[in-house]
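Any value given below was found using the heavy atoms of this structure, including those in side chains, with hydrogens, waters and symmetry copies removed. The shown structure was predicted, so the numbers you read here are calculated from the model rather than taken from an experiment.
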Amino acid sequence: MVIQRWQSVMLLIAAVMMACFSFVTIAQVDTPLQTLNFSCLGFSVEGTPTDGAPSGYVAYTWPLFIMSLLSAVIPFIAVFLFKRPRFQRSLCVMEMLFIVCVAVMTVWFGCYVYEDAPVHSWSALVCAPVIAFVAAAWARRLIGKDMALLRAADRLR
């Protein structure tokens, strides 16, 4: 017997938030020569290049991109593991650890990669890991409640 209600919604919210965070511009960095867009994939030059100016990605941030993709995939996989609630719950804990790592790496890459050029503006999507963390923690709590409810139902039999 499996009860799967709101924890699936919470896990999907966490997956969508981290997927959006993985592919959208997080911040803009003003260097003396150009403005760079900071996303999980790296720092790219804003606008179209003219007169031989650099274009594309100036610096890649592969560890951040890989961790943010993993933190988007893990809760999506956990939704389909409803027949194994203990494993689902441990994936929620792993998801929360990955989200903390993503947040720390985002701050590090955003603030310390270009020390001479501070971050000009952060996107509102910086809140996505916080929302995903809260959703994953809430899903873990709801999975625990369902496990307790199933144990109580088994005792009555």
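In this structure Val73 satisfies the side chain to side chain contact (heavy atoms under 4.5 Å, CB included) test together with Ile77, sequence neighbours excluded. Residues satisfying the side chain to side chain contact (heavy atoms under 4.5 Å, CB included) test with Val126, not counting sequence neighbours, are Ile26, Trp122. By the ring-ring contact (aromatic ring centres under 6.0 Å, His included) test, Tyr60 is found to be paired with Tyr57, Trp62, residues two or more places apart in sequence or in another chain being considered. By the side chain to side chain contact (heavy atoms under 4.5 Å, CB included) test, Ala139 pairs with Gln7, Met10, Leu11, Cys92, sequence neighbours left out. The side chain to side chain donor-acceptor pair (under 3.5 Å) check on Ser22 picks up Ser68, with sequence neighbours excluded. Listed by chain and number, the residues in a side chain to side chain contact (heavy atoms under 4.5 Å, CB included) with Ile66 are Leu70 (sequence neighbours excluded).
Leu12 places a side-chain heavy atom less than 4.5 Å from the side chain of Val79. Residues Phe82 and Ser8 fail the side-chain proximity criterion, which asks for heavy atoms closer than 4.5 Å. For the pair Pro63 and Met105, the minimum side-chain heavy-atom distance is below 4.5 Å. Side-chain contact check for Phe21 versus Cys40: some heavy-atom pair is nearer than 4.5 Å. Inter-residue side-chain proximity for Val93 and Arg140 is flagged as met; some heavy-atom pair is nearer than 4.5 Å.
For residues 25-46, the ring pair (Phe, Tyr, Trp, His ring centres under 6.0 Å) pairs, not counting sequence neighbours, are Phe38-Phe43, Phe43-Tyr114.
Residues Phe109 and Val45 fall within the same hydrophobic cluster, defined by Ile, Leu, Val, Met, Phe, Trp and Tyr side chains chained together at heavy-atom separations under 4.5 Å. Transitive grouping of hydrophobic side chains (ILVMFWY, heavy atoms separated by less than 4.5 Å) brings Ile131 and Val9 into a common cluster. Grouping the Ile, Leu, Val, Met, Phe, Trp and Tyr side chains by contacts below 4.5 angstrom, directly or via other members, places Phe87 with Ile74. Under a hydrophobic clustering in which Ile, Leu, Val, Met, Phe, Trp and Tyr are joined whenever their side-chain heavy atoms come within less than 4.5 Å, directly or via other members, Trp6 and Met17 fall into the same cluster. Met67 is connected to Trp108 through a chain of hydrophobic side-chain contacts under 4.5 Å among Ile, Leu, Val, Met, Phe, Trp and Tyr, so both are in one cluster.
Rounded to the nearest 0.5 Å, atoms CG (Leu149) and CG (Asp146) are 6.5 Å apart.
Nearest heavy-atom pair across Ile13 and Ala135 is CG2-CB, 4.1 Å. Taking every heavy atom of both residues into account, Ala72 and Ala15 meet most closely at O-CB, 3.4 Å.
Ser123 places a side-chain N or O within 3.5 Å of a backbone atom of Leu125 that can act as its donor or acceptor partner. Judged purely by atom type and a 3.5 angstrom limit, Gln88 uses its side chain to pair as donor or acceptor with the backbone of Ala78.
Atom CZ of Phe65 has more than 12 neighbouring heavy atoms from other residues, nucleotides or ligands inside a 6.0 Å radius.
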Table please: side-chain donor-acceptor pairs of residues 94-103 below 3.5 Å, with sequence neighbours left out.
none

